Amino acid sequence: HMLDIECFTYLNRALESSLAPIVVFATNRGMCTIRGTEIRAPHGIPVDLLDRLLMVRTLPYNLEEIAQIITIRAQTEGLKLTDEALAHLAEVGAKTSLRHAVQLLAPASVVAKSNGKDEVVKEDVE
């Protein structure tokens with residue numbers, strides 16, 4: 001995040017108001033300095049604000065989960081994938097991001113159709 005001590009001060013005041021907003025932070029910072037100060041704190045967030053937060057730890061998807069998500073997405077879009085194409089897309093998703101792998105489905109489908117195929121093969125994805 002790029003928040004400094006002034007932003008955290010504002011957020012603390014906003015959270016104390018009668019119309020308190022729901023605030024979602026996403027960060028991967030460990031112990032670091034709070035911007036605008038010399039204070040080190042977990043995630044670069046002041047301790048008084050950290051005490052009010054609910055932390056939800058997320059983990060990356062494994063290869064099998066990525067393949068399952070891509071399969072569901074392909075079924076939703078009415079696409080047929082070979083096992084090799086699915087494995088390749090899952091590897092791409094593990095190396096880059098799941099979003100990137102899912103976004104490759106549409107162009108791969110277009111390439112397969114332009115080659116007269118009803119099923120997406122690994123070569124269409126590459």
Side-chain angles (χ1 to χ4, degrees):
H1 63 79
M2 299 296 292
L3 303 178
D4 63 3
I5 193 66
E6 293 174 3
C7 292
F8 290 124
T9 303
Y10 173 79
L11 284 171
N12 265 329
R13 274 186 278 158
L15 291 171
E16 293 172 358
S17 74
S18 59
L19 298 172
I22 295 175
V23 180
V24 177
F25 290 106
T27 182
N28 61 357
R29 298 174 72 193
M31 281 296 284
C32 59
T33 305
I34 300 169
R35 293 183 194 276
T37 71
E38 298 296 319
I39 301 169
R40 287 182 54 81
H43 308 291
I45 299 173
V47 178
D48 59 333
L49 183 58
L50 266 177
D51 290 340
R52 298 174 160 195
L53 300 179
L54 169 68
M55 299 241 185
V56 178
R57 185 170 180 241
T58 59
L59 299 172
Y61 293 116
N62 63 37
L63 199 61
E64 293 171 5
E65 293 169 329
I66 292 171
Q68 184 178 12
I69 292 167
I70 291 171
T71 300
I72 292 168
R73 183 59 184 250
Q75 289 173 348
T76 302
E77 294 184 15
L79 303 176
K80 294 179 184 177
L81 299 174
T82 63
D83 291 339
E84 295 84 19
L86 178 61
H88 181 70
L89 282 168
E91 288 175 23
V92 168
K95 289 178 184 174
T96 58
S97 71
L98 176 59
R99 177 180 294 168
H100 178 67
V102 168
Q103 288 177 343
L104 289 175
L105 285 172
S109 172
V110 170
V111 170
K113 286 180 183 174
S114 69
N115 290 332
K117 295 181 269 183
D118 292 334
E119 191 173 46
V120 176
V121 296
K122 182 180 176 182
E123 291 75 26
D124 299 329
V125 177
E126 294 174 335

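Values in this document were obtained by computation on a predicted structure and should not be read as measured data.
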Evaluate the side-chain proximity of [Y] to [X]: yes if any heavy-atom separation is below 4.5 Å, no if none is.
X: Val121; Y: Glu84; value: no
X: Leu81; Y: Ile70; value: yes
X: Asp48; Y: Phe8; value: no
X: Arg52; Y: Glu16; value: yes
X: Arg57; Y: Leu59; value: yes
X: Val125; Y: Leu105; value: no
X: Ile5; Y: Tyr10; value: no
X: Ile34; Y: Thr37; value: yes

Within a reach of under 6.0 Å around CD of Gln68, are more than 12 heavy atoms found that belong to other residues, nucleotides or ligands?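 Counting neighbours around CD of Gln68, 12 or fewer heavy atoms of other residues, nucleotides or ligands fall under 6.0 Å, so no.
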Could you check whether atom CG of Asp51 has more than 12 heavy atoms from other residues, nucleotides or ligands sitting under 6.0 Å from it?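 Yes, enclosed.
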At their closest point, which heavy atom of [X] faces which heavy atom of [Y], and how far apart are they?
X: Glu65; Y: Pro60; result: OE1-O, 4.4 Å
X: Arg29; Y: His43; result: O-ND1, 2.6 Å
X: His100; Y: Val92; result: CD2-CG1, 3.5 Å
X: Val120; Y: Ala108; result: CG1-CB, 3.8 Å
X: Ala14; Y: Pro21; result: O-CD, 3.5 Å
X: Met31; Y: Pro42; result: SD-N, 3.4 Å

Using 0.5 Å steps for rounding, measure from the [atom1] atom of [X] to the [atom2] atom of [Y].
X: Met55; Y: Thr27; atom1: CE; atom2: OG1; result: 9.0 Å
X: Leu63; Y: Lys95; atom1: CG; atom2: NZ; result: 10.0 Å
X: Asp124; Y: Leu79; atom1: CG; atom2: CG; result: 11.0 Å
X: Thr71; Y: Leu86; atom1: OG1; atom2: CG; result: 4.0 Å
X: Ile66; Y: Ser97; atom1: CD1; atom2: OG; result: 9.0 Å
X: Asn12; Y: Cys7; atom1: CG; atom2: SG; result: 12.0 Å

Between Tyr61 and Ile72, is there a shared hydrophobic cluster once you connect ILVMFWY residues whose side-chain heavy atoms come closer than 4.5 Å?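 Different clusters.
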Hydrophobic clusters here meaning ILVMFWY residues chained together by side-chain heavy-atom distances under 4.5 Å, can you tell me if Val23 and Ile45 are in one?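 Val23 clusters together with Ile45.
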Using side-chain contact (heavy atoms from CB on, under 4.5 Å) as the criterion, list what pairs up with Val110, not counting sequence neighbours.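 Val110 satisfies side-chain contact (heavy atoms from CB on, under 4.5 Å) with no residue once adjacent residues are dropped.
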Is a donor on one side and an acceptor on the other found under 3.5 Å between the side chain of Asn115 and the backbone of Lys117? no
With side chain to side chain contact (heavy atoms under 4.5 Å, CB included) as the test, would you mind laying out the steps for Ile39 and Thr33 before giving the verdict? CA-CA 5 Å; Ile39 301 169; Thr33 305; 6.0 Å; no
